[in-house]
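Take a look at the structure set out below.
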Amino acid sequence: MPRDIQAAYKKGTRSSDGKPGKNYWQNHGRYTINITAMPPDRTIKGTETITYFNNSPDTIRNPNIKLLLNIHKPGAPRNGGADPDYLTSGVHVDKFMVNGQTRPFRGDPAVFTNVGVGLPKPLPPHDSVQLYFEWHYDVSVESGREGMIDSTTYFLAYFYPRVAVFDDYNGWDRMPFMDSHEFYSDFNDYNVTVNVPKNYIVWGTGTLQQPEKLLQPVFLKRYKDSWVSDDVIRIVTKEDVAAKNVTAQNPVNSWQFTAANIPDMAFGLSDHFVWDGTSVVVDDATKRRASAQAAYNDTAADYHHVARYARHSLNWLSHNWPGIPYPYEKTTVFHGYAGMEYPMMANDETYGDTTFSRFVAEHEIAHTYMPFYMGINETRYGFMDEGWATTFEILIGREDLGKERADEFYKRFRVNGWSNNPSSDQQVPIVTPGDAMTGGGFGNNEYVKASLGYLAMKDILGDELFKKCLHEYMNRWNGKHPIPWDFFNTFNDVAGKNLNWFWNNWFFGTNYIDYSLTDVKKSSSGYTVSIKNIGGALAPVDVVVKYTDGSSETKHLSPAVWEKNASQTNVSISTKKTIESVQLDGGIFVDGDKSNNKTPADKKAF
C-alpha cells in the first residue's frame with residue numbers, strides 16, 4: 001500500500017473493512033452550461049457557471065481546472081502523434097470570474113490540460129465558490145473520442161472547463177491528459193443547453209427538457225412511444241431528415257439536458273443522422289424502464305440493429321452481471337469513430353460484422369457501472385473499470401454466442417496477446433498506476449489481466465458469493481471514488497475470508513500463466529497428478545484424464561488449490577481404470593507454454 005493510501009486510512013476516510021471511512025468526503029459541483037454549435041462552422045462557443053462545494057477538511061487556495069481539449073494544441077504532451085487534422089489552437093478562455101469578480105486566466109502556449117487558478121480569498125471547508133467561464137474552441141477535424149464525424153455532424157465530449165477532482169488520498173488531480181489514458185471526474189449536477197440551427201437533432205447525457213418545443217408532433221409521438229415500447233421504433237428516418245421537417249423551424253433551437261450526480265456530459269449533433277428508439281424494464285421490482293437509442297448515418301447497415309443491441313445490453317446487465325438495475329434513464333449509441341463510453345452515451349464505430357457491432361455496444365454500455373456509477377479514477381486505476389467491462393463482455397457474450405464461441409473470441413481478442421508475449425513489459429503488476437505506463441503492457445493490465453483476475457475470484461467464491469461481494473462493493477461505493485484497496489477489502493469483508501493471498505498474487509505480482517504437468521503416479525486409490533506452477537499466476541485449470549477404455553473425465557481446479565503452496569500441487573484421481581493420458585486445459589486462462597501441459601506421447605499407459 002503506497003504511503004498516500006496509507007495516510008487516507010490513518011485519517012479515517014477509508015476503512016480496512018472496505019467501507020467508506022467515518023471521515024470520508026468528496027467535493028461536488030453544480031454546472032450550468034450554454035454552448036452554441038453552428039456547423040459547418042467548427043467553432044464551439046460557451047458560457048458556464050460552476051458552483052463548487054468544498055466538502056473537504058482542507059482550505060482550497062488554488063483549484064486546478066481541466067481543459068481536456070488542449071490535448072489538440074501543438075506541443076501538448078501526448079502518447080502518440082498528431083497529424084494536421086487533429087491539431088487545433090486549443091481552448092480559449094475569453095473571460096474568467098470568481099464570485100462575480102474578473103480574474104486572470106493563464107492561456108499561454110505552455111498551458112495544456114491542467115490550469116491552476118488563484119482565488120481572491122481562500123475557500124474554507126464546507127463553503128462554496130462560484131466560477132464563471134466564457135470560452136471557445138474549434139472542433140478537431142480528425143474525430144476520435146470527440147470531434148467532427150462529418151461536416152455537419154459533431155460529437156462534443158470534454159468540451160467544457162471543469163474543476164479537477166480534489167480527493168482524500170491524492171489531493172488535486174493534476175495528471176495530464178495524454179490522449180491514451182482515460183479520465184477522473186467528480187459527481188456533479190448539470191444543466192446544459194446546446195444551441196444548434198433548425199433541422200439539427202441533439203442527443204446527449206441527461207433528461208431532454210421540453211421535447212415538445214423541439215420536435216414536430218409526429219416525431220414527438222414516436223419519441224415518447226419509444227420510451228415504453230419493447231419494439232424498435234424508427235423515430236426519424238432518412239426520408240424525414242431529407243424533408244427537413246423534424247425539428248421546430250426556429251433559426252436556432254435550444255436543446256436542454258439536465259442530470260444529477262453524474263460525472264460527465266457528452267453530446268452528438270447532426271442534421272442528417274437517423275434516430276431509433278426502444279426500451280426495456282431494467283428494474284423488475286419497480287417496473288422502471290430505460291430507453292435504448294441509436295443515432296446514425298443511415299448508410300451504416302449494422303446500425304439498423306444497434307438500438308436492439310443496446311436494449312439487450314441494458315436488459316442483460318440489469319438482470320445478470322452485475323445484476324444491478326441500469327441506474328440511468330437511457331443510453332444512446334452514436335455513430336462515430338471511437339468505441340468510447342460516456343454517461344448514457346457511447347461513441348461507436350460501424351462494422352461490417354454485426355457480431356462485432358453488438359460486442360462493442362455491450363462493452364461500452366457495460367462501462368455504465370464502472371467508471372460512471374462507481375467514480376473510478378480511470379487515469380490511475382483503469383483496471384477497475386476496463387477489467388470489469390471486459391469481464392461483463394465475455395459473460396454476456398456466452399449468452400449471445402454460446403460458451404464455446406464466446407470463450408474462443410475472448411481468448412483470440414483479449415488473452416492470447418498477453419499470455420503468448422514473453423516481453424518484460426507484460427509482467428508489470430496490474431496495480432501499477434496507469435498514468436506511469438504506456439504500451440501493450442499497460443493495455444493488457446487494464447483489460448485482460450484484470451478481467452482474468454476477477455473471473456478467477458469468481459471461480460474461487462462461486463457465483464452466489466461472488467455476486468454478493470460485488471453487489472456490496474457497488475452498494476458501498478456507487479457515487480463515490482473507490483480505489484483498489486476498497487475493492488479488495490470489501491470482498492474480504494463480505495466473503496468472510498482473507499483473500500489477500502490471491503489479491504497479492506494477481507494484482508500486485510509479476511506473474512503469468514504457465515503450468516507444467518510434472519508427474520502421474522499410481523496411488524492406493526487411483527493416481528496422483530503433480531502440477532508445477534512455473535509462471536506463478538494463480539489461475540483455474542482443468543485436469544483432463546483419458547482412460548485406456550476410451551472414457552474420460554475432467555477435474556476442475558479452482559485457484560484456491562494454490563493458497564497454501566503457490567508453486568506445486570498434487571491432484572488425486574480416484575479410479576480403478578488405467579490412465580492413458582493426462583492434459584492440462586486452462587480454457588480462457590491461456591497457458592503461455594502448452595508444451596509441458598500433457599503427458600509425453602511415448603507414454604502409452606500408467
Side-chain angles (χ1 to χ4, degrees), residues 35-46 65-94 106-115 135-162 164 174-185 194 196 204 264-270 273 295-297 300 333-342 345-351 360 364 378-379 382 386 434-435 437-440 442-443 446:
I35 61 172
T36 298
M38 295 286 167
D41 183 347
R42 290 169 47 209
T43 301
I44 307 297
K45 299 177 181 178
I65 304 299
K66 293 283 186 180
L67 298 180
L68 296 174
L69 294 188
N70 272 347
I71 189 66
H72 293 285
K73 286 176 68 171
R78 62 178 69 87
N79 294 322
D83 62 34
D85 281 345
Y86 178 92
L87 296 174
T88 72
S89 59
V91 180
H92 301 267
V93 174
D94 304 308
R106 188 179 172 201
D108 60 69
V111 169
F112 298 110
T113 58
N114 289 290
V115 186
W135 81 100
H136 70 275
Y137 73 94
D138 287 346
V139 171
S140 175
V141 175
E142 182 182 291
S143 179
R145 289 170 170 161
E146 41 71 35
M148 181 186 291
I149 308 302
D150 58 49
S151 63
T152 58
T153 304
Y154 298 167
F155 193 84
L156 306 180
Y158 327 120
F159 59 89
Y160 57 96
R162 65 190 72 192
R174 292 191 173 93
M175 294 177 288
F177 176 47
M178 303 287 283
D179 210 25
S180 59
H181 299 63
E182 295 183 8
F183 307 94
Y184 186 29
S185 301
V194 183
V196 293
D264 204 359
M265 301 283 275
F267 300 93
L269 58 96
S270 179
F273 270 24
Y296 58 96
N297 194 327
V333 184
F334 190 87
H335 175 186
Y337 298 102
M340 183 65 191
E341 73 280 358
Y342 313 82
M345 290 283 283
N347 175 357
D348 288 354
E349 304 93 330
T350 179
Y351 300 96
V360 173
E364 306 310 340
E378 301 174 86
T379 319
E386 293 295 356
D435 53 308
M437 295 184 65
T438 58
F442 160 69
E446 296 213 335

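Taking OG of Ser270 as the start and CG of Asp150 as the end, the distance is 6.0 Å to the nearest 0.5 Å. Taking CG from Asn297 and NE2 from His335, the interatomic distance works out to 6.0 Å, rounded to the nearest 0.5 Å. Expressed to the nearest 0.5 Å, how far CD1 of Ile71 lies from CG of Leu87 amounts to 10.0 Å. Atom CE of Met175 is separated from atom CG of Asp435 by 5.0 Å, given to the nearest 0.5 angstrom. Note: Thr152 OG1 to Asp41 CG = 13.0 Å, rounded to the nearest 0.5 Å. Taking OG1 of Thr113 as the start and NE2 of His72 as the end, the distance is 11.5 Å to the nearest 0.5 Å.
The aromatic rings of Phe155 and Tyr342 sit tilted, their planes meeting at an angle between 30° and 60°. In this structure, His136 and His92 have parallel ring planes: the angle between them is below the 30° cut-off, well short of the 60° mark.
Counting only distance, with no hydrogens or angles, the side chain of Arg145 and the backbone of Ala338 share no donor-acceptor pair below 3.5 Å. Within the 3.5 Å criterion, the main-chain N or O of Val91 finds a donor-acceptor partner in the side chain of Asn70. Judged purely by atom type and a 3.5 angstrom limit, Glu364 has no side-chain atom pairing as donor or acceptor with the backbone of Asn347.
The nearest pair of heavy atoms linking Pro74 to Thr88 is CD-O, 3.2 Å.
For the residue pair Tyr86 / Asp179, a side-chain donor-acceptor distance below 3.5 Å is found, with atom types taken as modelled. The closest side-chain donor-acceptor pair between Glu446 and His181, if any, does not fall under 3.5 angstrom.
No side-chain heavy atom of Thr350 sits under 4.5 Å from any side-chain heavy atom of Tyr296. When side chains are defined from C-beta on, Glu142 does not count as touching Tyr337, because their heavy atoms never get closer than 4.5 Å. Between Trp135 and Leu67, the closest side-chain pair of non-hydrogen atoms is not below 4.5 Å. Residues Thr153 and Pro39 have side chains not in contact (no heavy-atom distance under 4.5 Å, counting atoms from C-beta outward).
Qualifying side chain to side chain donor-acceptor pair (under 3.5 Å) partners for Asp264, counting only residues two or more places apart in sequence or in other chains: Tyr160, Arg162. Residues satisfying the ring pair (Phe, Tyr, Trp, His ring centres under 6.0 Å) criterion with Phe112, sequence neighbours excluded, are absent altogether.
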Evaluate ring-ring contact (aromatic ring centres under 6.0 Å, His included) for Phe183 paired with Phe177, printing each intermediate quantity in order.
-> CA-CA 8 Å; Phe183 307 94; Phe177 176 47; 4.9 Å; yes

